[in-house]
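These notes concern the structure reproduced below.
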Amino acid sequence: MPLNSALYQVDFARLQSDTALLALSTAIPAGTYTNMVVSLSNPVVTYCTLAPGIIGCLAGSVVTLGGGPATPIIAGAPFPLVVTGSQSTGLAVNVNIAKSLTLNVKTQAITSVNLGAADVLTAMILPPASSSLSSGSLDFIEDVTGIISLVNATSQSVTVQTATKGSITAIVGTATIVSPNCTTFNLGNTFSCAKQGQVASLDMTLNADGTFTLLEYDPLAITAGDWIEGIIGVPSSSSTQFQFVANDLFLNPSNSLIGRNLQLGDLVRITLVNPMPFVVDTKGLDVPNSTFTGATDASILMPGQTLAVHVVSFTPASGATLAAANVDFVYLRFTRVIGGVASVALPNTFAMQSFPSFFGLSVPATVQLSNGPPSTNFDGVKDATALVVGQAVSIRALYFGPPTGPTPTPTPFSAAKVRVP
């Protein structure tokens, strides 16, 4: 079954991911297809060990582990799949990362990665049975970040060149918006904000014909440069240094300081050098007041927070010595986390519980929802009214820190996406 896609990401670098998603839309020959064979290679998982009462990773416990190639066969629903002539079919391939790992439940130490294990991959027809997608859209494709290689004012399209997912073009739609960063950079509040050479994040929808419609354009920098995005694992003990695990790269297309010398899942030592005040990449979502905005001190950073940093110098890893980057700008960006619904306070919030112990969240935490534009996207349910106490849920959200402790945050999460499996 020859399926092709412009987007292919199985994300093993994010410590807290529950599933990864591959969305496909393509024209295939008519016929009955009994299964799908997926070829996967070079899986890498980065993990750390935990201890009771400790938030985040134990110091020195972050480990990267590789696995072998696999060609799992998806034979369950929606297969057998009957396709008529010239039919465009959308499929989502869910990767259940937990089922591919052998681990010590108590410490979270992982001993093997096997993508060929039973039920690691499953498939479903797109669009999902319930979601906040607009009519005619198959799926959300969100937070695709890289360097803008082309802006076409005539076709109203923008192309982003990513470091790991190739080149992706999105077309402006009737509901396309731009983020507040456009105004911050004095570029207006329309699509004319998009310029070649910018570092930007694109939120899109996948269409039935395989094209992408732009939902939101979010510039992070007005000129190309080297950026690393990563998740903090260990609390910082310094005002100028911290460590995180790289989960995305936005590389300068010419004279990159990083080049091929950093892989997703690598641990990086970050040093703040004359930093600008920290910024929350809100994308226009409703967010709480927090100690993050305007800070310049690494001691406020928390395990579980995802950051994007602008690199001014870089030293590759060598033996047991970590890769190191000096940076001058820090964005708070979006963390992926799973849990369960504890309560619902419509229309603006709900509470989550049963977080991974990595976060140290022992009491329910409030999740802020946005009613737009932009609005929080929903996958698996139509909107927040369909959330039910006890339901498993995952979010892609800005994480501001725990609701208890010396500097509590009453609303720890601001959700861009809510997904019910």
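Owing to the predicted nature of the structure, the values given are computational and were not obtained by experimental measurement.
- Tested against L115, the residues P43, S41, P69 include a single side-chain contact (heavy atoms from CB on, under 4.5 Å) partner, P43.
- Side-chain N/O atoms of D143 and S201 include a donor and acceptor closer than 3.5 Å.
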CA sep, side-chain torsions, deciding dist, call: I171, F212, side chain to side chain contact (heavy atoms under 4.5 Å, CB included) = CA-CA 6 Å; I171 301 170; F212 297 95; over 6 Å; no
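- Shortest non-hydrogen contact noted between I97 and S100 is O-OG, 2.7 Å.
- Contact annotation: the side chain of V330 never approaches that of P275 to less than 4.5 Å [non-hydrogen atoms, C-beta and beyond].
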task = Check the pair N181 / D218 against side-chain hydrogen bond (donor to acceptor under 3.5 Å, both in side chains), numbers first and verdict last.
result = CA-CA 7 Å; N181 286 351; D218 178 35; 3.0 Å; yes
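- Take D281 and apply the salt bridge (Lys or Arg N to Asp or Glu O under 4.0 Å) test, not counting sequence neighbours, and it matches R333.
- Side-chain atoms of D226 and N252 form no donor-acceptor pair, as typed in the model, at a separation below 3.5 Å.
- Within the 4.5 Å cutoff, side-chain heavy atoms of N348 are placed close to those of N371.
- To the nearest 0.5 Å, atoms CG (L138) and OG1 (T89) are separated by 9.5 Å.
- Using a 4.5 Å heavy-atom threshold, the side chains of F244 and V268 count as touching.
- In terms of heavy-atom proximity, F378 sits nearest to V381 at CB-O, 3.2 Å.
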* To do: Go through the steps to decide whether L369 and V418 satisfy the test side chain to side chain contact (heavy atoms under 4.5 Å, CB included), and finish with yes or no.
  => CA-CA 9 Å; L369 303 174; V418 176; 4.0 Å; yes
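- For the side chain to side chain donor-acceptor pair (under 3.5 Å) test, residues two or more places apart in sequence or in another chain that qualify with T271 are Q241.
- Looking at E216 and K283, no side-chain N of the basic residue comes within less than 4.0 Å of a carboxylate O on the acidic one, giving no salt bridge.
- Between the side chain of T111 and the backbone N or O of T102 there is at least one donor-acceptor pair closer than 3.5 Å.
- When side chains are defined from C-beta on, V158 counts as touching F191, because their heavy atoms get closer than 4.5 Å.
- Side-chain N/O atoms of T162 and T164 include no donor and acceptor closer than 3.5 Å.
- Atoms CG and CG, on D266 and L249 in that order, are 9.0 Å from each other to the nearest 0.5 Å.
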- K165 and V144: side chain to side chain contact (heavy atoms under 4.5 Å, CB included), yes or no, with the steps? CA-CA 9 Å; K165 296 179 281 291; V144 178; 4.3 Å; yes
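- Proximity of a side-chain donor or acceptor of T184 to a complementary backbone N or O of P180 within less than 3.5 Å is detected.
- The aromatic ring centres of F359 and Y399 sit less than 6.0 Å apart.
- Counting heavy atoms from C-beta on, the side chains of I258 and I228 come closer than 4.5 Å.
- The main-chain N or O of V120 is never found under 3.5 Å from a side-chain atom of N96 such that the two would form a donor-acceptor pair.
- The shortest non-hydrogen separation linking V234 to L58 is CG2-O, 4.4 Å.
- Atom CG of N377 is separated from atom CG of D139 by 10.0 Å, given to the nearest 0.5 angstrom.
- Summarising the geometry, atom OG1 belonging to T211 is positioned 11.0 Å from atom CE belonging to M204; distances are rounded to the nearest 0.5 Å.
- Side chain to side chain, S112 and N114 fail the donor-acceptor criterion of an N or O pair below 3.5 Å.
- The minimum heavy-atom distance linking L285 with S414 is given by the pair CB-OG, 4.0 Å.
- For the atom pair CG of L133 and NZ of K382, the computed distance is 8.0 Å after rounding to the nearest 0.5 Å.
- Panel note: side chain Q263, backbone V44; no donor-acceptor pair is recorded below 3.5 Å.
- The shortest side-chain heavy-atom distance between P403 and L361 falls under the 4.5 Å cut-off.
- When each of F400, F355, F350, F334 is tested with F413 by the rule ring-ring contact (aromatic ring centres under 6.0 Å, His included), just one qualifies, namely F355.
- T71 contributes no side-chain N or O that, together with a main-chain N or O of S39, makes up a donor-acceptor pair within less than 3.5 Å.
- Side chain to side chain, S238 and S236 fail the donor-acceptor criterion of an N or O pair below 3.5 Å.
- The backbone N or O of V309 sits nowhere less than 3.5 Å from a side-chain atom of Y331 that would complete a donor-acceptor pair.
- Of the candidates V172, I141, D203, T176, L215 forms a side-chain contact (heavy atoms from CB on, under 4.5 Å) with just one, namely D203.
- Residues L272 and F242 meet the side-chain proximity criterion, which asks for heavy atoms closer than 4.5 Å.
- The CG atom of L307 sits 12.0 Å away from the CE atom of M302 when rounded to the nearest 0.5 Å.
- When all heavy atoms of S167 and T159 are compared, the closest pair comes out as OG-CG2, 3.1 Å.
- Side chain of T376 to main chain of S370: a donor-acceptor pair is present (N/O by atom type, distance under 3.5 Å, no hydrogens or angles).
- One side chain, T46 or T64, offers a donor N or O that lies under 3.5 Å from an acceptor on the other.
- Side-chain contact between I147 and L251: absent, with no pair of heavy atoms (C-beta onward) separated by less than 4.5 Å.
- The closest donor-acceptor contact from the side chain of T335 to the backbone of G304 lies under 3.5 Å.
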The test is side chain to side chain contact (heavy atoms under 4.5 Å, CB included); show your working for N94 and L121 and say whether it passes. CA-CA 6 Å; N94 287 292; L121 299 189; over 6 Å; no
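- Side chain of T409 to main chain of T411: no donor-acceptor pair is present (N/O by atom type, distance under 3.5 Å, no hydrogens or angles).
- With no hydrogens or angles considered, a side-chain donor-acceptor pair links T213 and N207 at under 3.5 Å.
- Of all heavy-atom pairs between L202 and A170, the closest is CD2-CB, 4.2 Å.
- Side-chain contact check for S137 and S134: at least one donor-acceptor pair (N or O, by modelled atom type) lies under 3.5 Å.
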